[in-house]
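All remarks here apply to the structure that follows.
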Amino acid sequence: MLGVIKKTKAFFAGRKGVSIWQPYRDIMKLFQKGYVISETTSWVFWFAPVVIFATTLFAALFAPLTCGLSIFQIPAAFIIFAYSLSLGKFFALLAAMDTGSSFEGMGAAREACFSTIVEPAFFIAMASIIALTNDMTFMSFLNILDDSGVYGYIIILLLALTLFIMMLIECCRVPVDDPTTHLELTMIHEVMVLDNSGADLALINWASAIKMFLFESLIATLLIPTNLEIWQMVLAYIAIITILSMIIGVVESSMARFRMTHVFEFIFIMTITALIILALVTYRIYGS
Amino acid sequence: MELYFTSLGILLLGAFSSIFVKEHWKFKTCSAFLFVSMLLMLVPSLESIFTGRIFEYNIYLSQILGNVNFVIDPLAAFFIVVISVMSFMASIYANGYLKQYYNKQMNLSSHSFFFILLILSMLLVVTSHNALFFLIVWEIMSLSSFFLVIFEGEKKEVLSAGIKYLVYMHLSVIFIITTFALLNIKSGSLNFIDFEPVLQANKGFANTVFLLAFLGFGIKAGFVPFHNWLPDAHPVAPSHVSALMSGVMIKTGIYGILRVLYFIGVPSKFVAYTVFAIALITAMYGILYALAQRDLKKLLAYSSIENIGIIGLGIGLGMIGLAFGKPLVAMLGFAGAVLHILNHSIFKCLMFFGAGAVYCKTHTKDMEVLGGLIKKMPKAATLFILGSIAICALPPFNGFISEFLIYFGMLLGMLNTNIAMLILFVVAIAGLAMVGTMAMLCFTKATSITFLGQPRDITIYEHVKEDISKSMWMPMSFLAVLTLLIGLFPQYLVKNLMSVFTEFVKAPCIFVPLNVLKLMNTISFCVLVLCGFIIALILFKKIVRKKTDKYSTWGCGYNKGNSHVQYTGASYVSLFLSTLKPLFKRVTHIKKPKELFPKEAHYEQNIEDIEEAYIVKPLLKWDESFLSKFERIQSGNIQQYILYGLIFLVLSIICLLVFGG
């Protein structure tokens with residue numbers, strides 16, 4: 001996926017671009033390297049990449065992978081999904097502060113602050129969908145249309161928009177953050193991992209790639225039409241994920257990142273769409 | 001029941017004997033007595049929890065009190081377990097913590113005496129079923145904790161915080177007395193058991209009683225807007241006392257609310273909504289102010305307010321479930337609340353012990369001058385980090401379990417109900433999510449500024465010689481293990497505590513508890529998988545060892561930056577707090593640099609509690625100006641006072657003649 005994004009960006013920049021498997025090669029390369037660790041750090045710094053990767057994998061068990069099916073089908077999975085990602089973030093923040101660097105402190109402050117606003121919006125959207133479909137698993141995404149008719153299309157679109165914005169924020173893509181910038185002052189996520197190296201960096205990068213895949217997978221599950229055969233659904237799923245990655249690439253090629261103060265406004269769009277979903281759902285259930 | 005009274009007797013003996021032993025042995029004696037009494041306490045209370053048995057004992061105390069009924073039912077037993085285990089931990093910890101006060105002419109005798117008296121009175125509060133006796137032990141509890149708070153009473157801020165605490169506690173007692181007086185008038189009895197029929201017969205009366213009791217006990221528990229004593233009293237008390245107060249004592253307020261609720265049975269919808277809304281506000285308010293603090297213990301005190309809010313959310317959810325006749329929702333709400341009481345007392349004690357360890361070694365509570373302490377005190381730091389994961393309600397620790405139960409209850413509650421409840425619950429879910437992430441922001445700040453990075457004040461850092469002593473880290477690690485165990489295997493705990501929740505939800509069907517248990521089993525399994533992942537990755541990283549080089553932190557090319565370029569606690573949260581400016585009252589003292597070569601400049605910013613600044617202070621001002629009008633009466637002239645006495649006598653005789661005849 002990261003590969004697809006890079007390829008799209010390269011296409012827009014008029015280059016040929018690297019192979020779409022390049023991110024995996026990078027990760028393999030990093031695994032073979034040694035560590036360079038700051039003198040200021042403690043065991044927290046050593047431990048953090050482990051937790052970040054483990055929690056992301058763990059979250060992957062709950063996210064729908066194809067056709068709304070996830071490995072663990074349990075009720076209220078979105079709470080565990082969000083909280084386990086939070087645990088990873090907790091350690092990412094601690095590790096960033098552990099280096100005692102002002103840049104990493106800055107990144108940590110930004111990341112923590114944004115997620116504080118993102119999370120409630122996500123919970124509002126998810127709770128509304130659950131109220132609509134009476135289903136607490138992620139399978140509820142598939143039933144939106146059955147339960148709400150015409151409104152369903154609007155709700156699905158809004159939910160997709162909400163999740164897309166959330167992905168941009170959580171995975172730190174343009175226009176919230178620019179992962180390829182060379183200036184520390186403007187970074188969020190990248191600046192937090194400035195001092196990580198070797199396998200640590202590989203774990204963190206891999207984890208953020210998986211995280212991005214999870215969000216795309218959520219959106220894909222939402223958008224897949226439900227009246228298809230299984231193999232068609234799987235194909236549609238893969239197609240949607242590819243298209244999403246390409247959209248991100250297009251966004252990144254055509255937009256500059258926002259100023260830090262405008263990021264808040266961008267995040268509040270997500271809150272507003274979540275609230276509109278809630279309003280629609282309420283209207284659908286209790287209206288007239 | 002005999003065991004219970006024996007154990008109380010042992011505590012009393014311990015209180016007096018600790019006065020007479022030497023300074024170094026004081027808290028060792030305390031711990032020994034507390035240990036014995038804890039064991040004795042655990043026998044009947046655990047039996048009551050496991051089997052749902054109710055122990056009762058009647059004593060005729062005096063003419064006024066009449067028969068005093070002592071009851072250990074599962075609810076009381078649950079609180080007894082929390083109180084006795086936590087106070088034993090606190091007493092062990094006190095051994096290490098009080099070392100810094102030895103040979104300094106501190107009055108440790110009264111301290112240890114009141115410490116045990118506080119525990120004794122708490123144990124009595126949760127068992128006595130006689131209103132008057134309840135008030136007496138309640139007052140003993142408030143007073144003994146007041147004396148514990150003013151341990152360092154020669155400092156001005158300690159004394160003023162103590163007095164504020166005392167005033168608030170008496171405000172709370174006024175409401176509780178009114179509650180019991182009303183009940184006494186209606187039922188003609190002081191025993192709790194006679195209150196029940198009166199309350200259940202008259203719904204309107206029950207609502208009034210509950211709201212009054214909620215006011216009274218809510219002040220003790222620290223619900224917004226009555227929380228104001230908490231962030232002042234907790235930081236100034238010695239750490240084991242603040243742990244005991246925050247972890248255990250404020251829960252007696254919750255106990256009071258639960259007990260009244262128990263008598264009422266099914267609350268009215270309005271009352272249930274009120275409790276729910278107040279609790280939500282409390283949780284948000286508490287954590288928001290915790291974020292802004294730079295005093296470590298004050299931060300923890302505000303986070304206690306947040307957690308009381310979460311407990312309140314559980315209770316409110318349970319009440320809504322009862323009021324709307326949804327047993328499963330009610331069950332989940334009460335289960336979440338009861339579990340969170342236990343969880344909060346565990347991790348809050350742990351956190352206060354950690355903060356005390358920092359204070360003990362550095363003699364400061366101001367986070368902004370600390371940093372890098374993890375290298376000097378690795379044990380304290382590690383335990384503190386574990387505590388903060390638990391308090392942020394992140395899996396696999398215990399805080400997650402209780403919050404998950406509350407979340408799940410709310411999700412169930414909003415299905416197939418009315419429009420108001422749907423919106424209320426969705427807002428509450430978002431609110432709880434926000435509280436969770438803000439807690440994460442708050443506690444990453446607390447741990448990283450205190451323990452991680454580079455020291456911000458090198459003199460304080462070098463003053464720290466060694467890690468904390470054994471008597472301090474032992475209870476802390478016990479509590480940390482407990483948080484993890486509850487997080488990993490919640491199903492056993494929930495199963496055994498079932499008798500406590502079922503007291504409220506007189507559910508006709510058996511499937512309700514089963515559903516909750518099934519949920520807990522799933523959670524436990526998931527969390528174990530997470531732990532498996534983490535352990536596997538640790539092993540992987542240990543095995544695949546690579547060459548490790550050590551350099552200084554990347555400074556964008558600057559190599560000689562000092563520790564002052566680090567992010568501070570204030571700057572860490574400022575981005576977030578700047579979006580919520582109107583909610584804070586900032587008091588800034590600025591001394592601008594002057595002249596060409598400025599000699600001194602000073603910038604200080606304090607954040608005041610908005611409720612204190614805009615409600616309490618104006619009220620106090622008004623009160624003062626009102627009362628000062630009566631100053632003239634108090635002239636200091638003896639003859640005048642005698643005249644007042646005469647006028648009063650004459651007036652009362654006239655009153656008697658007019659109205660009495």
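Lettering follows sequence order; numbering is per chain, from 1.
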Side chain / backbone / both / neither for Val50(A) at chain B, heavy atoms under 4.5 Å: both
Under a 4.5 Å heavy-atom cut-off, does chain A meet the side chain of Phe451(B), its backbone, both or neither? neither
Atom pair OG1 (Thr444(B)) and CG (Leu94(A)), whose distance is rounded to the nearest 0.5 Å: 6.5 Å
Do Phe78(A) and Leu411(B) pass the side-chain contact (heavy atoms from CB on, under 4.5 Å) test, and can you show the C-alpha distance, the side-chain angles, and the key distance before you say yes or no? CA-CA 12 Å; Phe78(A) 79 96; Leu411(B) 284 176; 3.9 Å; yes
Aromatic rings Tyr407(B) and Tyr83(A): how do their planes relate, parallel, tilted or perpendicular, breaks at 30° and 60°? perpendicular
Flag side-chain contact, heavy atom, 4.5 Å: Met414(B) against Ile130(A): yes
Segment of Ile423(B) engaging chain A (4.5 angstrom heavy-atom cut-off): side chain
Can you tell me how far the CD1 atom of Ile385(B) sits from the CZ atom of Phe47(A), to the nearest 0.5 Å? 10.0 Å
What's the verdict on side-chain contact (heavy atoms from CB on, under 4.5 Å) for Ile429(B) and Met126(A), showing C-alpha distance, side-chain angles and the deciding distance? CA-CA 10 Å; Ile429(B) 286 170; Met126(A) 291 306 300; over 6 Å; no
Out of Val118(A), Val51(A), Ile124(A), return the one with the most heavy atom pairs under 4.5 angstrom to chain B. Ile124(A)
What closest approach, in Å, do Phe123(A) and Ala430(B) show between heavy atoms, and which atom pair accounts for it? CB-CA, 4.4 Å
Could you check which of Ala279(A), Pro75(A), Ser84(A) has the highest count of heavy-atom pairs closer than 4.5 Å to chain B? Pro75(A)
Could I get the full list of side chain to side chain donor-acceptor pair (under 3.5 Å) partners for Thr450(B), not counting sequence neighbours? none
Residues Leu422(B) and Ala131(A): closest non-hydrogen pair is CD1-CB, 3.5 Å
If I measure from the heavy atoms of chain A, does Ala393(B) come under 4.5 Å with its side chain, its backbone, both, or neither? both
Do Leu452(B) and Phe45(A) touch side chain to side chain, with heavy atoms closer than 4.5 Å? no
Tell me every residue that passes side chain to side chain donor-acceptor pair (under 3.5 Å) with Thr522(B), counting only those two or more places apart in sequence or in another chain. none
Validation row: Asp200(A), Lys541(B) side chains within 4.5 angstrom (heavy atoms): yes
Shortest non-hydrogen separation from Met440(B) to Ser115(A) and the atoms involved: CE-OG, 4.4 Å
Calculate, to the nearest 0.5 Å, the distance between atoms SG and CD1 belonging to Cys526(B) and Ile80(A) respectively. 4.5 Å
For the residue pair Leu530(B) and Leu87(A), establish whether any side-chain heavy-atom pair is separated by less than 4.5 Å. yes
Ring centers of Phe53(A), Phe533(B) separated by less than 6.0 Å: no
Which residues pass the salt bridge (charged side-chain N to carboxylate O under 4.0 Å, His left out) test with Lys445(B), not counting sequence neighbours? none
Non-hydrogen atoms of chain B under 4.5 Å away: do they reach the side chain of Phe91(A), the backbone, both or neither? side chain
Go through the steps to decide whether Phe408(B) and Ile79(A) satisfy the test side-chain contact (heavy atoms from CB on, under 4.5 Å), and finish with yes or no. CA-CA 9 Å; Phe408(B) 201 80; Ile79(A) 296 174; 5.8 Å; no
To the nearest 0.5 Å, how far apart are CD in Glu119(A) and CE in Met434(B)? 11.0 Å
Given heavy-atom pairs under 4.5 angstrom as the criterion, report whether the side chain, backbone, both or neither of Ile534(B) touches chain A. both
Using non-hydrogen atoms and a 4.5 Å limit, figure out which bit of Ile374(B) sits close to chain A: side chain, backbone, both or neither. side chain
Which residues in residues 398-406 of chain B have any heavy atom lying under 4.5 Å from a heavy atom of chain A? Phe400(B), Glu403(B), Phe404(B)
Would you check if Met97(A) and Ile449(B) make a side-chain contact, meaning some heavy-atom pair closer than 4.5 Å? yes
So which part of Leu61(A) gets closer than 4.5 Å to some heavy atom of chain B, the side chain, the backbone, both or neither? side chain
Work out which heavy atom in Cys113(A) is nearest to a heavy atom in Leu441(B); give both atom names and the distance. N-CD1, 4.5 Å
How many angstroms lie between OG1 in Thr116(A) and CG in Leu291(B), if you round to the nearest 0.5 Å? 8.0 Å
Under the 6.0 Å and 45° cation-pi test, does Lys542(B) pair with Trp46(A)? yes
